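All values reported here derive from a predicted model rather than from experimental measurement. The first residue of the sequence shown is numbered 1, and numbering continues consecutively from there.
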Amino acid sequence: MRTEIKLIALAAAVTLAACGKKEEAPAPGAAPAAEQLVVKIGHVGPTSGPVAHFGQDTENGARLAVEELNAAGIKIGDKSAKFELMAEDDAADPKQGAAAAQKLVDAKVNGVVGHVTSGTTLPASKIYNDAGIPQITPSSTNPKITRQGYAGMFRLVADDTQQGGAMARYSVETLKAQTVAVIDDRTAYGQGLADAFEKAAAAAGAKVVAHEFTNDKATDFKAILTTLKAKKPDVIFFGGMDSVGGPMLRQMKQLGIPAKLVGGDGLCTGEMIKLAAEALGDDRVYCVEAGGVDGDEVSGNDKFRAAFKAKYQIEVQAYSPYAYDGVKLLAQAMQTAGSAEPAKYLPALKAIKYQGASGNVEFDEKGDRKNAALTLYTFRSGARAKLAVIR
């Protein structure tokens, strides 16, 4: 009995000693581990479907920015930041775009770079706005996007009013077009661009002889083009993407239509060269891209293009520099605010001054880029030929 009591007392003493034992102090000179902050950046674009080359291009740009940020080891506040890209495919479909936006909201992303097309950006923008998540579109040009009164909506390129107006003035003043015909694909992008061109062309003195409609998945345009051929336009403006514009140009050649084909940034791509094939010719297609660099902005763009090609072994398609800058803009605003919480860094994003792959960036009160550039192109010898950067 006494032995048992002694053993119990000994066990109790050992337990009390263990409970009162202090943690060992860290070795002299050892720094405490830095707390890490995971920052989720969403990207949404069409990485499947007929304009997948646009979505893959911007996703590649965003991914390159994320990798550079992580390699730089930046801090947000007193925490080491680790950036993660959450990429979604919207196939340029508005319903799929809305679903992708809700998925990113549910994942509690800190910011979004996207969407790529206006038709998906418009429905998605309300979802992000309701969740209080800032959104930067690298390429969507419909004017309505930044006129909805959403505090966290930003655009890095000129809108359709600027694009359509520039192409209309160029058609009349430089190409000397007296008659123009218009075709649009009925998407938010194509319709908005075509309407802006038509209005500006008429204001510049051209006669608009027809406005026809197709869709963004069409492949046969012979009925529309036959109607237009009889009206003998000097210029045919197409509001839509290269996946439709390329086959349209081939059919224009088959029907013997001599008019120039002009359009917006949807036609200003390397893919247009493949899609139009032998119909492309020289100085047959003219387009305006919502973006461009000149002066001291050129070196930053050249540096980005070199890094992009080194990583992906392909050339920039169109808007990867803008998606890249979109990610860097979010990161800079977070650093300035010392927080990755949307409500806390949004004021810093609104007031930002940044120079990157797409040039100098500041936003106006609507979230549009100040002094946004446009670049005019044609195609010669199977390659894009730059004509001018205008603002």
Inset, instruction - Find the distance between OG (S320) and CZ (F54) and round it off to the nearest 0.5 Å. - result: 11.0 Å
Legend entry - Closest non-hydrogen atom pair, A290 against V157: O-CG1, 2.8 Å
Legend entry - From K217 atom NZ to T187 atom OG1, the distance as rounded to the nearest 0.5 Å: 9.5 Å
Inset, instruction - Would you check if there is a donor-acceptor pair between the side chains of T146 and D368 at a distance under 3.5 Å? - result: yes
Legend entry - T219 backbone acceptor or donor facing Q251 side chain under 3.5 Å: yes
Please table the atom pairs, donor to acceptor, closer than 3.5 Å between any side-chain atom in residues 292-301 and protein atoms at least two apart or in another chain.
residue : atom : partner : partner atom : Å
D294    : OD1  : R391    : NH2          : 2.9
E297    : OE1  : D294    : N            : 3.4
E297    : OE1  : R391    : NH2          : 2.9
E297    : OE2  : N360    : N            : 3.0
E297    : OE2  : N360    : ND2          : 3.4
N301    : OD1  : R305    : NE           : 2.7
N301    : ND2  : A357    : O            : 2.8

Legend entry - Criterion side chain to side chain contact (heavy atoms under 4.5 Å, CB included) on Y150 and K126, from CA distance to verdict: CA-CA 8 Å; Y150 295 162; K126 184 179 187 307; 3.5 Å; yes
Legend entry - T120 side-chain N/O to A92 backbone N/O, donor-acceptor pair under 3.5 Å: no
Legend entry - Test item: D159 side-chain N/O and Q162 main-chain N/O as donor-acceptor pair under 3.5 Å: yes
Legend entry - Value rounded to 0.5 Å, distance of OG1 in T117 from CG in L122: 9.0 Å
Legend entry - Side-chain donor-acceptor contact under 3.5 Å, Y319 with D265: yes
Legend entry - Sub-4.5 Å side-chain heavy-atom contact between V105 and D130: no
Inset, instruction - Please check if the side chain of R384 supplies one atom and the backbone of C268 the other of a donor-acceptor pair under 3.5 Å. - result: yes
Legend entry - Residue pair Q135 / T121, side-chain heavy-atom distance below 4.5 Å: yes
Inset, instruction - Find out whether L374 and Q163 are in side-chain contact, i.e. whether some heavy atom of one side chain is under 4.5 Å from a heavy atom of the other. - result: yes
Legend entry - Taking every non-hydrogen atom, the tightest pair across I145 and S140: CD1-CB, 3.4 Å
Legend entry - Heavy-atom pair with the smallest gap, counting every atom of L346 and P134: CD1-CG, 4.2 Å
Inset, instruction - Ignoring hydrogens and angles, tell me if any N or O in the side chain of N110 forms a donor-acceptor pair with the backbone of K40 under 3.5 Å. - result: yes
Inset, instruction - Run through the side-chain heavy atoms of Ile, Leu, Val, Met, Phe, Trp and Tyr, join any pair under 4.5 Å, and report what else lands in V209's cluster. - result: none
Legend entry - Distance-minimising heavy-atom pair for R380 and L387: NH2-CD2, 3.9 Å
Inset, instruction - Would you indicate whether K82, at its atom NZ, is surrounded by more than 12 heavy atoms from other residues, nucleotides or ligands within a distance under 6.0 Å? - result: no
Inset, instruction - Of all the heavy-atom pairs spanning F308 and E315, show the shortest one and how long it is. - result: CE2-O, 3.7 Å
Solution key, residues 42-52 side-chain donor-acceptor pairs under 3.5 Å, sequence neighbours excluded:
residue : atom : partner : partner atom : Å
H43     : NE2  : T58     : OG1          : 2.9
H43     : NE2  : E59     : N            : 3.4
T47     : OG1  : D89     : OD1          : 3.4
S48     : OG   : D89     : OD2          : 2.6

Legend entry - Whether over 12 other heavy atoms sit under 6.0 Å from K366 NZ: yes
Legend entry - Y312 vs R63 side-chain heavy atoms within contact, under 4.5 Å: yes
Legend entry - Any donor-acceptor N/O pair, D90 side chain to D93 backbone, under 3.5 Å: no
Inset, instruction - Any chance you could lay out the side chain to side chain contact (heavy atoms under 4.5 Å, CB included) test for F213 and D184, step after step, and finish with the verdict? - result: CA-CA 5 Å; F213 311 103; D184 79 63; 3.5 Å; yes
Legend entry - Path from V112 to L85 over hydrophobic side-chain contacts below 4.5 Å: no
Inset, instruction - Could you tell me whether the side chain of D242 and the main chain of G245 form a donor-acceptor pair under 3.5 Å? - result: no
Inset, instruction - Identify whether Y170 and F197 are in the same connected component of the hydrophobic contact network (ILVMFWY, side-chain heavy atoms under 4.5 Å). - result: yes
Inset, instruction - Could you tell me the separation between the CD1 atom of I136 and the CZ atom of R155, rounded to the nearest 0.5 Å? - result: 13.0 Å
Inset, instruction - Assess whether side chain to side chain contact (heavy atoms under 4.5 Å, CB included) is satisfied between N129 and M153, documenting all intermediate values. - result: CA-CA 8 Å; N129 179 70; M153 182 75 245; over 6 Å; no
Inset, instruction - Please check if I74 and L37 belong to a single hydrophobic cluster, counting links between Ile, Leu, Val, Met, Phe, Trp and Tyr side chain heavy atoms closer than 4.5 Å. - result: yes
Please tabulate, for side-chain N and O atoms in residues 173-181, each donor-acceptor pair with protein atoms closer than 3.5 Å (sequence neighbours left out).
residue : atom : partner : partner atom : Å
K176    : NZ   : E173    : O            : 2.9
T179    : OG1  : K232    : O            : 3.3
T179    : OG1  : D234    : N            : 3.2
T179    : OG1  : D234    : OD2          : 3.4

Pair up each side-chain donor or acceptor in residues 331-343 with any protein partner under 3.5 Å, not counting sequence neighbours, and list the distances.
residue : atom : partner : partner atom : Å
Q332    : NE2  : K353    : O            : 3.1
T336    : OG1  : Q332    : O            : 3.0
S339    : OG   : E341    : N            : 3.0

Inset, instruction - Linking directly or through intermediates, with side-chain heavy atoms under 4.5 Å: list the remaining ILVMFWY members grouped with L225, chain and number order. - result: I183, F221, I224, L228, I236, F238, V244, M248, L249, M252, L255, I257, L261, L267, M272, I273, L280, V285, F379
Inset, instruction - Please check if Y128 and L156 belong to a single hydrophobic cluster, counting links between Ile, Leu, Val, Met, Phe, Trp and Tyr side chain heavy atoms closer than 4.5 Å. - result: no
Inset, instruction - Could you tell me which non-hydrogen atom of S125 sits nearest to which non-hydrogen atom of Q148, and how far apart they are? - result: OG-NE2, 3.1 Å
Inset, instruction - Enter the distance from D57:CG to E271:CD here, rounded to the nearest 0.5 Å. - result: 11.0 Å
Inset, instruction - Say whether T227 and E212, considering side chains only, have a donor N or O and an acceptor N or O under 3.5 Å apart. - result: no
Inset, instruction - Could you tell me whether the side chain of T378 and the main chain of Y286 form a donor-acceptor pair under 3.5 Å? - result: no
Legend entry - Distance-only polar pair, side chains of E68 and Y324, donor-acceptor under 3.5 Å: yes
Legend entry - V113 side chain near F154 side chain, heavy-atom distance below 4.5 Å: no
Legend entry - Spacing of Q96 atom CD and K103 atom NZ [to the nearest 0.5 Å]: 10.5 Å
Inset, instruction - Show the numbers, then the answer: is there a side chain to side chain contact (heavy atoms under 4.5 Å, CB included) between S118 and T141? - result: CA-CA 6 Å; S118 295; T141 54; 4.1 Å; yes
Inset, instruction - Determine whether the side chains of S358 and R369 contain a donor N or O and an acceptor N or O closer than 3.5 Å. - result: yes
Legend entry - F83 backbone acceptor or donor facing N70 side chain under 3.5 Å: yes
